[in-house]
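What follows is a short report on a single structure.
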Amino acid sequence: MAKLNFGGTEENVVTRDEFPLAKAQEVLKNETIALIGYGVQGPGQALNQKENGVNVIIGQRKNSKSWDKAIADGFVPGTTLFEIEEALEKGTIICYLLSDAAQIAMWPTVKKHLTKGKALYFSHGFGITFNEQTGIIPPADVDVFLVAPKGSGTSLRRMFLQGRGLNSSYAIFQDATGKAWDRVIALGIAIGSGYLFETDFKKEVFSDLTGERGTLMGAIQGIFSAQYEVLRKNGHSPSEAFNETVEELTQSLMPLVAENGMDWMYANCSTTAQRGALDWWKKFRDATMPVFSDLYNSVATGKESARSIDLNSKADYREKLEVELAELHNSEMWQAGKTVRSLRPENQPAK
């Protein structure tokens with residue numbers, strides 16, 4: 001494990017140089033990884049483990065859409081694809097990758113298969129951190145840890161196929177066997193992490209829920225919408241408003257930020273753009289700071305988790321979700337985006 005200094009703060013990180021795939025394979029050679037849940041994170045993590053030589057099996061309801069997807073992805077019924085209880089019985093490490101609401105419903109079934117020496121693996125700290133709401137309290141004689149990729153399962157898989165890695169956090173909640181650290185790092189490498197940085201379950205879920213509601217999804221959609229609407233109200237066309245709000249950011253500027261940071265992106269823009277950005281960024285920070293403080297407090301006090309559990313557990317959740325997503329999809333901004341994307345050179349038919 002290396003200690004890296006981030007602006008005066010030391011962090012524990014593990015790289016693939018320190019913990020190569022061969023070492024991960026050695027740690028996991030006698031383990032059976034039973035991955036429960038083949039939805040958002042499941043396919044990427046399972047396929048990466050499989051192609052990295054790890055013994056991974058899938059537990060899923062038979063004849064469900066996810067069961068069929070697992071078959072299409074190369075998992076074989078009766079060999080590497082089983083009904084949930086059979087997979088739980090066979091697994092020595094249970095990768096619990098159902099949605100937060102589904103984890104609550106399935107917990108009594110999972111718990112009875114957590115015999116001494118097994119491990120319970122999460123990719124989110126939600127169930128453990130908010131256990132007064134979820135009821136997820138593991139037995140004391142099993143390892144409990146998490147690896148949380150900093151992106152979607154789709155991104156994890158895409159970057160793996162490109163020969164890259166998606167950074168992940170890791171945390172240990174219980175080390176009953178004395179092997180929890182080796183197990184969690186080996187799994188982090190096996191699923192395709194670029195490097196792993198240490199956290200704990202509470203910090204992982206607090207930062208994750210804040211990020212999803214903030215700059216990763218909620219805040220950025222809100223800012224996109226506000227700027228787009230101001231431009232449209234002032235007579236700009238949908239194409240111009242979308243290009244100046246979203247397309248230039250995602251296609252031109254964010255790749256520069258990803259490559260070398262915000263200062264480097266500024267240095268590669270016009271002096272007029274630099275001046276404006278430097279004059280206005282603190283105004284946006286000051287305007288949004290109260291919103292982010294309110295958001296973090298809502299996460300830390302359990303309000304966000306309670307709302308998520310309540311709404312996501314309702315029988316009509318999917319129906320209402322589709323209505324909310326349709327509002328985004330059908331908005332003028334994202335319909336303009338659909339047209340703009342179709343005009344990108346890579347989406348034009350070959351001549």
Side-chain angles (χ1 to χ4, degrees), residues 1-2 4 6 11-25 27-28 33 35-54 56 58 69-70 73-74 93 95-100 121-126 145-172 181-201 203-218 220 249-251 253-262:
M1 184 191 306
L4 294 187
F6 292 87
E11 291 189 30
N12 293 327
V13 301
V14 182
T15 69
R16 292 192 284 190
D17 288 336
E18 299 168 73
F19 207 107
L21 178 59
K23 184 173 180 179
Q25 291 169 333
V27 170
L28 299 173
I33 316 301
L35 192 144
I36 311 301
Y38 207 73
V40 177
Q41 279 286 337
Q45 293 202 27
L47 288 168
N48 291 358
Q49 287 184 70
K50 178 184 176 185
E51 292 173 24
N52 272 333
V54 174
V56 58
I58 307 299
K69 176 171 173 49
D73 285 344
I93 299 177
C95 288
Y96 204 23
L97 300 184
L98 294 169
S99 69
D100 295 323
Y121 164 108
F122 294 89
S123 281
H124 193 21
F126 192 101
F145 45 69
L146 68 77
V147 175
K150 298 298 107 181
S152 70
T154 301
S155 298
L156 182 74
R157 179 63 178 161
R158 183 179 295 148
M159 292 176 76
F160 177 86
L161 292 174
Q162 293 170 347
R164 302 161 61 202
L166 184 64
N167 297 334
S168 302
S169 60
Y170 75 93
I172 297 171
W181 192 86
D182 281 340
R183 281 170 137 180
V184 71
I185 300 302
L187 279 164
I189 298 301
I191 68 168
S193 300
Y195 80 90
L196 295 135
F197 61 93
E198 187 176 30
T199 187
D200 60 44
F201 272 64
K203 288 176 181 174
E204 190 284 326
V205 72
F206 283 12
S207 61
D208 190 67
L209 293 184
T210 299
E212 290 167 349
R213 286 149 179 77
T215 59
L216 302 180
M217 295 174 70
I220 200 165
L249 174 71
T250 59
Q251 300 303 299
L253 301 183
M254 281 298 105
L256 297 180
V257 175
E259 190 174 343
N260 275 311
M262 187 70 77

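Owing to the predicted nature of the structure, the values given are computational and were not obtained by experimental measurement.
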Any donor-acceptor pair under 3.5 Å linking the side chain of [X] with the backbone of [Y]?
{"X": "Glu18", "Y": "Thr15", "answer": "yes"}
{"X": "Glu204", "Y": "Gly125", "answer": "yes"}
{"X": "Gln25", "Y": "Asn52", "answer": "yes"}
{"X": "Ser193", "Y": "Gly188", "answer": "yes"}

message: More than 12 heavy atoms of other residues, nucleotides or ligands under 6.0 Å from CZ of Arg158: yes or no?
response: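 Not more than 12 within 6.0 Å, no.
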
- request: Report, as yes or no, whether the 6.0 Å neighbourhood of atom CE on Met217 holds more than 12 heavy atoms from other residues, nucleotides or ligands.
  value: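 No.
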
Using the side-chain hydrogen bond (donor to acceptor under 3.5 Å, both in side chains) criterion, which residues pair with [X]? Sequence neighbours excluded.
{"X": "Glu51", "value": "Arg157"}
{"X": "Thr215", "value": "none"}
{"X": "Arg213", "value": "Glu304"}

Would you say [X] and [Y] make side-chain contact, with heavy atoms under 4.5 Å?
{"X": "Gln49", "Y": "Leu35", "answer": "yes"}
{"X": "Tyr121", "Y": "Leu97", "answer": "yes"}
{"X": "Phe145", "Y": "Trp181", "answer": "no"}
{"X": "Glu198", "Y": "Ile172", "answer": "no"}
{"X": "Leu21", "Y": "Arg16", "answer": "no"}

Hey, could you give me the [atom1]/[atom2] distance between [X] and [Y], rounded to the nearest 0.5 Å?
{"X": "Leu253", "Y": "Met262", "atom1": "CG", "atom2": "CE", "result": "9.0 Å"}
{"X": "Lys150", "Y": "Tyr195", "atom1": "NZ", "atom2": "OH", "result": "10.5 Å"}
{"X": "Gln45", "Y": "Ser123", "atom1": "CD", "atom2": "OG", "result": "4.0 Å"}
{"X": "Asn260", "Y": "Leu256", "atom1": "CG", "atom2": "CG", "result": "9.0 Å"}
{"X": "Ile33", "Y": "Leu187", "atom1": "CD1", "atom2": "CG", "result": "5.0 Å"}

If you compare all heavy atoms of [X] against all heavy atoms of [Y], which two are closest, and at what distance to 0.1 Å?
{"X": "Ala190", "Y": "Leu28", "value": "CB-CD1, 4.2 Å"}
{"X": "Ser152", "Y": "Leu166", "value": "O-CD2, 4.1 Å"}
{"X": "Gln41", "Y": "Pro149", "value": "OE1-CG, 3.8 Å"}
{"X": "Gly165", "Y": "Met159", "value": "O-CE, 3.3 Å"}
{"X": "Asn48", "Y": "Gly192", "value": "ND2-CA, 4.4 Å"}

message: As a quick check of understanding, evaluate side chain to side chain contact (heavy atoms under 4.5 Å, CB included) for Phe160 and Leu47, giving each step before the final call.
response: CA-CA 10 Å; Phe160 177 86; Leu47 288 168; over 6 Å; no

field: Partners meeting salt bridge (Lys or Arg N to Asp or Glu O under 4.0 Å) with Lys50 (sequence neighbours left out)
entry: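 Salt bridge (Lys or Arg N to Asp or Glu O under 4.0 Å) list for Lys50, sorted by chain: empty.
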
query: Taking only residues two or more places apart in sequence or in another chain, which ones pass salt bridge (Lys or Arg N to Asp or Glu O under 4.0 Å) with Asp73?
result: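 Asp73 satisfies salt bridge (Lys or Arg N to Asp or Glu O under 4.0 Å) with Lys69 only.
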
task: Give every residue pair that meets the salt bridge (Lys or Arg N to Asp or Glu O under 4.0 Å) criterion with at least one member in residues 37-48, sequence neighbours excluded.
output: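 Salt bridge (Lys or Arg N to Asp or Glu O under 4.0 Å) check on residues 37-48 returns no pairs.
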
field: Qualifying residue for side-chain contact (heavy atoms from CB on, under 4.5 Å) with Ser169, from Val147, Leu146, Leu196
entry: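 Only match with Ser169 under side-chain contact (heavy atoms from CB on, under 4.5 Å): Leu146.
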
